[in-house]
> 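Sharing a structure here in structure tokens format.
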Amino acid sequence: MKKAVPWFALAVPFSENGIIINNKEMMCFETKITEASIESIQELYAIEVMPESINIQKTKKEFTGDFTLPVFPFVKLSRKSPEQTADEIGKALKEKLDFIESYTIIKGFLNLSVSHRTWIDFLQKEIQNLAFGNIETNSDGPPVLIEFSSPNTNKPLHLGHIRNNLLGDAIARIMDANKKKVIRLNLVNDRGIHICKSMLAWQKFGANETPQTTGMKGDKLVGKYYVEFDKQYKAEIAELINQGKSKEDAEKQAPILLEAQQMLRRWEEGDKDVRKLWANMNQWVYDGFEQTYNNLGITFDRVYYESETYLLGKEIVKEGLAKKAFYQHPDGSIRVDLTEEGLDEKILLRSDGTSVYITQDLGTAVLRAKEYQPQQMIYVVGNEQNYHFDVLKRILSDKLSYDWGKRIYHLSYGMVELPSGKMKSREGTVVDADDLMEEMIGMAKQKTEELGKHDFNEVELNELARMIGIGALKYFILKVDPKKNMLFNPEESIDLNGNTAPFIQYTHARICSLLRKAGVNTLELPNYNIDVIPEAEKEILRMLYDYPVTLKQAASELNPSLLANYAYELVKTYNRFYQDTPVLKEMNDDLRHFRLQLSAFTASVIRKAMNLLGIDLPEKM
RNA sequence: GGUUCCGUAGCUCAGCUGGAUAGAGCAACUGCCUUCUAAGCAGUAGGUCAUGCGUUCGAAUCGCAUCGGAAUCACCA
């Protein structure tokens, strides 16, 4: 249950209580309150307390105040009642901190109120700051590598791949907002028995079908023959069992499987015909993938192909053998003994000298470490491979003593499950990525028309539907904590109301409309002053203030869902205000200007958060 | 069987570095459009936070045990 914090979380400047230390003089109330509290307690009770025991939190909505300090940990030291302790500390804090205007005490909770002037200053200053929330760290430092997507080329992408792609993309964006140089990697698994299965089935039953002759998307066509292979394979197994073979024997001896294995050997020998067929069919798949990636808005800086890198690992294994990090088993295979680390023995090279999955991962890890000398290597891979990455990391850092081995981080995400269980390509129980996107866009279009939005021509309507449909899909996936498994029910379509992207997009569009009608530049409004900020507005300010912290936390935990949930909370808070507070119709100039600026800044922060999730926002909807 | 992860409203999810009366959305029900976009807002109803014990001034949150679910433990990837 303990949150796994990546090793490099420390590289992000957090103070002990998780708050950013001064970024471009950004106001950080919590830090100042914490420091002043330590001082005050020292002065009042002559006792030094650790910063950890000062736990500044946001005041709950039902009480007045902005920040709360529970004083229970100090009552033993003060030898006074919680109320009296809180009062003494509150008095001292008010004196030390000019931004604290007043405080109230409820039981042992000291609720501090930040002055209205301070909040106005915050708004006026930060709305000018285009980089609000972003932070400068290691901007010239070595890059962060993020490997994600990494598809097999024998079948089309499905909803599980979508989660992987969206997480990888969002994390790359979040790291980038933290001023890290990010390299997006894709390692395409373009060779192996699975591709040979598709190739063989196509050769046998394909009748020379191509994407051109069938009008089928390339990856779909190749996937079709992968399923075709499986059908034939199963039929042959059944036949063999009928003839009296055991199930295991049948599975090993089915002629079509033997043929596929033969094809793989010919591929490895460089057989011209096989290589040509392979190159052709892979190209179909790449053309198909490109469309899917485009529609998802996913890009890469560097694509590795396994066919080019799969031999690299053998060298590493041989070196490790020479260094006695590994050993040779009597049967000829090379293995690593990780029993001391609480893991098992693991095969690194087969007895016939060919490489297994981990051999290749060792090779590509060394390759990219050499090429980029990265500060971090993040792998976005499902949690079914936790064990594999545990082994990989231990081999590289412990057994082979690569210093960068420790900087590998497996971003392990949960599976997308259907009500019927896990998705399985071979059994056809998958939610296809292209179909799902198309369906979402269709729904968005239909909804837009139902709501009688007539301000759009055909092109605009399509673009709007794309933003809403794809946005809804991305948000649906990204709002869930990455490490948790999630459920997708195809019977119930993804919502467009409530805690969804369209809700957030809609609020943004409303603000845009408001600003268009105001017809002023919100950055150049005359300086206003108001004595009392109404509660609805203050709640928005408090939410806006939270954005930088949320972004830092999302970065250090590699968790985009924090930003999704933040955006939702912000928007809900804004809508409450919008519903019954006039902005343009406000006659008091100061108030009107304040509300306009508050709205503009809110829209800007919504944009920031959603951009980090890869979600586009229309200005009208 | 070993290891790891998970269990919060009918459903999908927040909250988990211990803090005040456990929150949203969907589904159900009730109000609010002659006023800045109703893809909205306000409200009703729905909970032994899997169970038990422990630590603590205080536990959904930390520890131990039990029950239930998932993943993994390949000369597959």
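In what follows, chains are A, B, ... by sequence order, proteins preceding strands, each numbered from 1.
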> Do any of residues 506-519 of chain A sit with a heavy atom less than 4.0 Å from RNA chain B, and if so which?
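Heavy-atom contacts with RNA chain B come from A:Tyr506, A:Ala509, A:Arg510, A:Ser513, A:Leu514, A:Lys517.
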
> Name the residue closer to the 5' end of RNA chain B, choosing between A:Val571 and A:Gln57 according to the nucleotide with the nearest heavy atom.
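Mapping each residue to its closest nucleotide by heavy atoms, the 5'-most match is A:Gln57.
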
> At less than 4.0 Å, is any side-chain N or O atom of A:Lys76 found next to OP1 or OP2 of B:C57? Yes or no.
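It does, given that an N or O in the side chain of A:Lys76 lies less than 4.0 Å from OP1 or OP2 of B:C57.
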
> Evaluate the criterion side chain to side chain contact (heavy atoms under 4.5 Å, CB included) for residue pair A:Tyr413 and A:Asn383; output intermediate values, then yes/no.
CA-CA 5 Å; A:Tyr413 64 89; A:Asn383 61 13; over 6 Å; no

> Let me know, please, whether A:Ser561 or A:Lys447 comes out on the 5' side of the other along RNA chain B by nearest nucleotide.
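With A:Ser561 and A:Lys447 compared, the 5'-side residue is A:Ser561.
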
> Less than 5.5 Å between centroids and less than 30° between ring planes, does A:Phe503 satisfy that with B:A39?
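Check failed, A:Phe503 does not stack on base of B:A39.
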
> Are A:Glu417 and A:Phe488 close enough that some pair of their side-chain heavy atoms sits under 4.5 Å apart?
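Not touching, per the 4.5 Å side-chain cut-off.
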
> When all nucleic acid strands are considered with a 4.0 Å heavy-atom cut-off, which category describes A:Ile468: base, sugar-phosphate, or nothing?
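The answer is base, as A:Ile468 lies within the cut-off (heavy atoms under 4.0 Å) of a base atom.
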
> Could you work out, with salt bridge (charged side-chain N to carboxylate O under 4.0 Å, His left out) as the rule, every residue matching A:Asp344, not counting sequence neighbours?
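Residues passing salt bridge (charged side-chain N to carboxylate O under 4.0 Å, His left out) with A:Asp344: none at all.
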
> Who are the side chain to side chain donor-acceptor pair (under 3.5 Å) partners of A:Glu308, not counting sequence neighbours?
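With neighbours one apart ignored, the set is empty.
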
> Could you check whether A:Val583 gets within reach of a base, just the sugar-phosphate, or nothing at all, counting any heavy atom under 4.0 Å?
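A:Val583: base contact, heavy atoms under 4.0 Å.
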
> What pairs with A:Arg576 under side chain to side chain donor-acceptor pair (under 3.5 Å), at least two apart in sequence or on another chain?
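Residues passing side chain to side chain donor-acceptor pair (under 3.5 Å) with A:Arg576: none at all.
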
> Using the glycosidic torsion, which applies to B:C73: syn (within 90° of 0) or anti (everything else)?
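Here the answer is anti: the torsion falls beyond 90° from 0.
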
> Check for me: is A:Phe72 stacked on B:G19 by the 5.5 Å centroid and 30° plane-angle rule?
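According to the criterion (under 5.5 Å, under 30°), yes, A:Phe72 stacks.
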
> Answer yes or no: is there a donor N or O on one side and an acceptor on the other, between the side chain of A:Asn282 and the main chain of A:Asp190, under 3.5 Å?
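A pair under 3.5 Å: yes.
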
> Assign A:Asn111 to base, sugar-phosphate, or nothing according to its heavy-atom contacts below 4.0 angstrom with the strands shown.
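Answer is base: heavy atoms of A:Asn111 come under 4.0 Å of a base.
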
> In residues 60-71 of chain A, which residues come under 4.0 Å of RNA chain B by heavy atom?
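Heavy-atom cutoff 4.0 Å gives A:Lys60, A:Phe63, A:Thr68.
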
> Counting the atoms with a prime plus P, OP1 and OP2 as sugar-phosphate, which does A:Ser412 contact under 4.0 Å by heavy atoms, base, sugar-phosphate, or nothing?
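Touches nothing.
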
> Do the side chains of A:Pro151 and A:Leu157 get nearer than 4.5 Å, heavy atoms only?
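Heavy-atom side-chain distance check passes, below 4.5 Å.
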
> Please list, chain by chain and in numerical order, all residues satisfying ring-ring contact (aromatic ring centres under 6.0 Å, His included) with A:Trp278, sequence neighbours excluded.
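Partners of A:Trp278 under the ring-ring contact (aromatic ring centres under 6.0 Å, His included) test: A:Trp267.
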
> Does A:Asp337 pair with A:Lys346 as a salt bridge, N-O distance under 4.0 Å?
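Salt bridge: no.
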
> Return one dot-bracket line describing RNA chain B 5' to 3' (Watson-Crick or G-U wobble pairs, both distances under 3.5 Å; ( ) same strand, [ ] crossing, | another strand, . none).
(((((((..((((.....[...)))).(((((.......))))).....(((((..]....))))))))))))....

> Please check if the side chain of A:Tyr103 supplies one atom and the backbone of A:Thr68 the other of a donor-acceptor pair under 3.5 Å.
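No; judged by distance alone, with no hydrogens or angles, the pair does not exist.
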
> Going 5' to 3' through nucleotides 71-77 of chain B, assign each nucleotide B (protein heavy atom under 4.0 Å from a base atom), S (under 4.0 Å only from sugar-phosphate atoms) or - (no protein heavy atom that close).
SSS-BSB

> Taking the six-membered ring where the residue is Trp, are the ring centres of A:Tyr45 and A:Phe74 under 6.0 Å apart?
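Not close enough - the centres of the two rings lie 6.0 Å or further apart.
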
> Please work out if A:Lys572 contacts a base, only the sugar-phosphate, or nothing of the nucleic acid, heavy-atom cut-off 4.0 Å.
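Contact class for A:Lys572: sugar-phosphate only.
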
> Listed by chain and number, what are the salt bridge (charged side-chain N to carboxylate O under 4.0 Å, His left out) partners of A:Lys107, not counting sequence neighbours?
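Here no residue qualifies.
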
> Once salt bridge (charged side-chain N to carboxylate O under 4.0 Å, His left out) is applied, do any residues pair with A:Lys422, and if so which ones, sequence neighbours excluded?
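Scan of A:Lys422 (salt bridge (charged side-chain N to carboxylate O under 4.0 Å, His left out), adjacent residues dropped) gives A:Glu384.
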
> Each nucleotide N or O in nucleotides 28-31 of chain B that has a protein N or O under 3.5 Å away: list the pair and distance.
none

> For B:C57, does OP1 or OP2 lie under 4.0 Å from any side-chain N or O of A:Lys107?
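No.
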
> Could you check whether A:Pro82 gets within reach of a base, just the sugar-phosphate, or nothing at all, counting any heavy atom under 4.0 Å?
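The answer is nothing, as A:Pro82 stays clear of every strand by at least 4.0 Å.
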
> In chain order, what residues pass the salt bridge (charged side-chain N to carboxylate O under 4.0 Å, His left out) check against A:Glu569, with sequence neighbours excluded?
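Testing A:Glu569 for salt bridge (charged side-chain N to carboxylate O under 4.0 Å, His left out), a comparison that skips the adjacent residues, returns none.
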
> Which part of the nucleic acid, if any, lies within reach of A:Leu451 when heavy atoms closer than 4.0 Å are counted: base, sugar-phosphate only, or nothing?
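Counting heavy atoms under 4.0 Å across all strands, the contact made by A:Leu451 includes a base.
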
